[in-house]
2 protein chains.
Amino acid sequence: MDDETRLIYFRFFNEIGILSQLSRAAMEARLPDGLMLPHFSVLNHLTRVRDGQTPNTLARAFQVPKTTMTHTLTGLVKHGLVEMRPNPKDGRSKRVWLTEPGRRFRVEAIRALDPNFQRLAAAIPPDQVAALLPALAEIRAFLDADRDRDDDAED
Amino acid sequence: MDDETRLIYFRFFNEIGILSQLSRAAMEARLPDGLMLPHFSVLNHLTRVRDGQTPNTLARAFQVPKTTMTHTLTGLVKHGLVEMRPNPKDGRSKRVWLTEPGRRFRVEAIRALDPNFQRLAAAIPPDQVAALLPALAEIRAFLDADRDRDDDAED
DNA sequence: TCCACTTAGTGCGATTTCGTATTATATAGT
DNA sequence: ACTATATAATACGAAATCGCACTAAGTGGA
């Protein structure tokens with residue numbers, strides 16, 4: 001792989017990392033005490049995909065250890081934003097369900113970003129951002145499918 | 001702000017977050033024991049911008065508390081990848097300098113990603129990624145400049 | 001100069017994240 | 001049915017991250 005090509009990919013992920021850092025900070029500044037971005041992200045995932053998933057599925061989806069997901073879910077339960085019920089099909093596992101406050105919390109958290117989005121919109125119109133989405137989704141889908149191979153290709 | 005516009009921006013940052021998560025995991029899988037992504041990121045920042053910066057400047061650049069940067073720098077010093085020297089212009093502060101092993105480590109860490117980049121290149125050619133860079137950089141620059149206003153506009 | 005105020009770095013305790021080991025349940029082979 | 005193996009969740013301890021408070025040093029005004 002030539003230097004120029006490597007630099008293109010590296011700079012891309014560099015930009016991604018910085019953008020993520022900046023948006024994470026902006027988002028967490030809007031969240032109430034005791035709730036972090038992972039809490040919101042789980043609510044968002046349960047809404048976008050579907051609720052009733054197991055903690056293990058969520059841990060794999062977020063690329064975090066199971067113990068971390070247990071901790072995050074404990075916090076969400078404590079705040080009444082999700083419910084854990086036993087999985088009738090598997091006595092070992094549980095299933096995670098959104099509560100009404102959980103759904104409401106997610107919607108309000110997104111709406112709370114409007115001031116940020118409005119300032120951004122003044123500099124970068126929605127069309128320009130929308131134009132990036134297909135390519136980003138494509139790269140994301142590839143990495144998502146590719147991640148398992150990382151282990152196999154270690155040596 | 002209408003729902004459609006909000007959704008565009010939200011989905012954009014959603015993709016950014018997932019991409020960051022996936023690439024972070026892939027990157028950390030390549031790093032040796034005892035060194036995390038923040039360690040690499042600081043080395044990269046010192047290389048790209050310039051070394052000799054103060055810990056406080058780095059903490060602000062990375063949007064982390066000063067104590068976190070102290071911790072990260074302590075680890076880098078322990079591994080001999082950076083040096084801390086007193087700041088002759090300000091007795092309170094220090095300056096962080098890259099060492100030769102630090103520079104080498106960064107280059108090797110980037111090169112270690114080649115297998116990942118090569119697999120990605122087979123699905124998403126460099127041109128397509130390069131085409132995204134200007135827009136991403138523009139959005140990143142805006143957020144970077146905008147982040148201070150978050151506090152002011154809280155209420 | 002002196003004194004109040006600000007700033008850079010760090011010590012300390014709390015929370016989050018993570019790796020390992022453990023328990024309970026499911027699955028497969030006999 | 002029984003045993004060995006695999007899997008889901010968690011308990012536990014280590015490391016990372018963070019907020020608060022403290023010390024040392026710089027800044028500005030009387």
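Letters go in sequence order (proteins before strands), and every chain restarts at 1.
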Under-4.0 Å salt bridge between Arg104(B) and Glu108(B): no
DNA chain D: 5'-most and 3'-most nucleotides touching chain B, 4.0 angstrom heavy-atom criterion: dA16(D) to dG26(D)
Scan nucleotides 16-20 of chain C against the protein and return all N/O pairs shorter than 3.5 Å with their distances rounded to 0.1 Å.
unit_1: dT16(C); atom_1: OP2; unit_2: His71(A); atom_2: NE2; d: 3.1
unit_1: dC18(C); atom_1: OP2; unit_2: Thr68(A); atom_2: OG1; d: 3.4
unit_1: dG19(C); atom_1: O6; unit_2: Thr67(A); atom_2: OG1; d: 3.3

Which residue lies more 5' along DNA chain D, comparing Ser93(A) with Asp90(B) via nearest heavy atoms: Ser93(A)
Glu100(B)/Arg103(B) ion pair, N-O < 4.0 Å: yes
Exercise: do Arg147(B) and Gln63(B) side chains pair donor with acceptor under 3.5 Å: yes
Distance (rounded to the nearest 0.5 Å) between Asn14(A) CG and Leu133(B) CG: 10.0 Å
Side chain to side chain contact (heavy atoms under 4.5 Å, CB included) assessment of His45(B) paired with Gln53(B): CA-CA 10 Å; His45(B) 185 85; Gln53(B) 298 188 52; 3.6 Å; yes
hydrophobic_cluster_shared for Val49(B) and Leu19(A), side chain cutoff 4.5 Å: no
Ring pair (Phe, Tyr, Trp, His ring centres under 6.0 Å) partner of Phe117(B), the single match among Phe10(A), Tyr9(A), Phe12(A), Phe142(A): Tyr9(A)
Sidechain N-carboxylate O distance under 4.0 Å for Arg6(A), Asp3(A): yes
Whole-Å gap separating P (dG9(C)) and CZ (Arg95(B)): 11 Å
Spacing of Lys66(B) atom NZ relative to dG11(C) atom C1', expressed in whole Å: 13 Å
Under 4.0 angstrom between Lys89(A) side-chain N/O and dA26(C) OP1 or OP2: no
